[in-house]
Amino acid sequence: MRIRHLPLALAIILTAAPAEAHIRQGEATGFLSGLAHPVSGLDHIIAMVAVGLWGAQLGAPAIWLLPVTFPMVMAFGGFLGLIGIPLPGVEIGIALSGVLLGAVVLLELKAPLYLAAALVGVFGLYHGHAHGAELPPGEDGLLYSLGFVLATGALHAAGIAIGTVHRWPWGRAALRLAGAGISLGGISFLWAAL
Amino acid sequence: MGRFVRRSIARFAALLALAPVPASAHLVSTGFGPVTDGAWHFALSPEQFLPMAALALLAGLRGPVHARRVMFILPVAWLAAVLANAALPAGWGTIAMAGAFLLTGGLLAADIKLSPTVIAALAVLLGALSGGAYAADDTSLLGALGAATTIFVLLALVSSAVLSLRGGWGVIAVRVLGSWTAATGLLLVGWTLHGRS
């Protein structure tokens, strides 16, 4: 290289910006990580969709009360997991949520509202605790939590949207079939947890 | 100084000038002045605007009297806290805002029937807390004015959007948003206590 090109090379080196194509940092990473967490495990997905399906089968007010109950109790479980309070049998509880929530969809169980909310709430606690204990360090707490709650709500909404087929006879049969599938999935997760 | 050295220095200076690095002294630098910077600073701070939006939704559900009180009182309380430099102690800002998420989201999810006086008191409390958290970052007058104007517009738009709702799925959706806000606040408290935030 000729000596007269040295200042040009020096200037380019000194003004170089760092390449950030693959560096995941900052607030967007926190939001996207939170958004991805609830959909990262099939055991979580089937339970949350089942909540929406059951709500759709039960109709108002359960159709919106159950998806409101689940994130609140799940957040409380996440809170317990974050501050390090242990919850025994978390994996079993999560697997059982798939089994039982799938079963109530399969049976189209018309449970009283308080009982339905209690069942969904208990399982929400297990799911939340697992998420809270698994949260990756170093993320943005607020945006992660926002993404996490939004993704959970979206899964419930998906369940409710699918559940709208309940108005037709073939839809009711399809929902019960979906409940059977969810329950079977739960059994396989329970087998693995045990 | 030789011609070669002079030309080299000139090229070097020209390149430095043509390759500026953005200044990061201000939290948000739009290039449109401190008022716009303050407005964008607020708009890019979800910990600030989400609890306010939740309170505006609650006020809107209760009616125009509640909405008007929140719309005027909250920005004034917020601006007063910032200009008084009532910054919250280090570490308390996140806890305060997590509490604001929990309180406003919980009240909205439960659709609590509050009187206009209580709503006004909540607006003062939230304005003071948010302003205190904001004051830890920035206390410039023009920036705070820009942010306070944005708060006013946010509250006006959000509360007016729900004022027209008369029950049904619209109200349910608003209450679901409240439950999500409260759930986010609860997780944020956990994050903060765990020392991860």
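Quick note: numbers below take in every heavy atom, side chains included, and nothing from hydrogens, waters or symmetry partners. These numbers were taken from a predicted model, which means no experiment stands behind them. Reminder, nothing fancy here: chain letters follow the sequence lines and each chain counts from 1.
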Residues, nucleotides or ligands: over 12 heavy atoms within 6.0 Å of A:Trp191 CH2: no
For chain B, the option from A:Gly153, A:Gly128, A:Pro61 that forms the most heavy-atom pairs under 4.5 Å: A:Gly153
Validation row, ring centre B:Tyr134 to ring centre B:His41 under 6.0 Å: yes
Close contacts, residues 90-111 of chain A versus chain B, judged by heavy atoms under 4.5 Å: none
Pairs flagged by salt bridge (Lys or Arg N to Asp or Glu O under 4.0 Å) wherever residues 103-120 of chain B is involved - sequence neighbours left out: B:Arg62-B:Asp111, B:Asp111-B:Lys113
Parallel, tilted or perpendicular: rings of B:Phe152 and B:Phe72 (30°, 60°): tilted
A:Phe148 and A:Tyr144 aromatic ring geometry - parallel, tilted or perpendicular at 30°/60° bounds: parallel
Minimum side-chain heavy-atom gap B:Val76-B:Ile73 below 4.5 Å: no
Side chain to side chain contact (heavy atoms under 4.5 Å, CB included) partner of B:Leu107, chosen from B:Val118, B:Leu122, B:Thr181, B:Leu102: B:Leu122
B:Leu186 versus chain A, the contacting section by heavy-atom distance below 4.5 Å: both
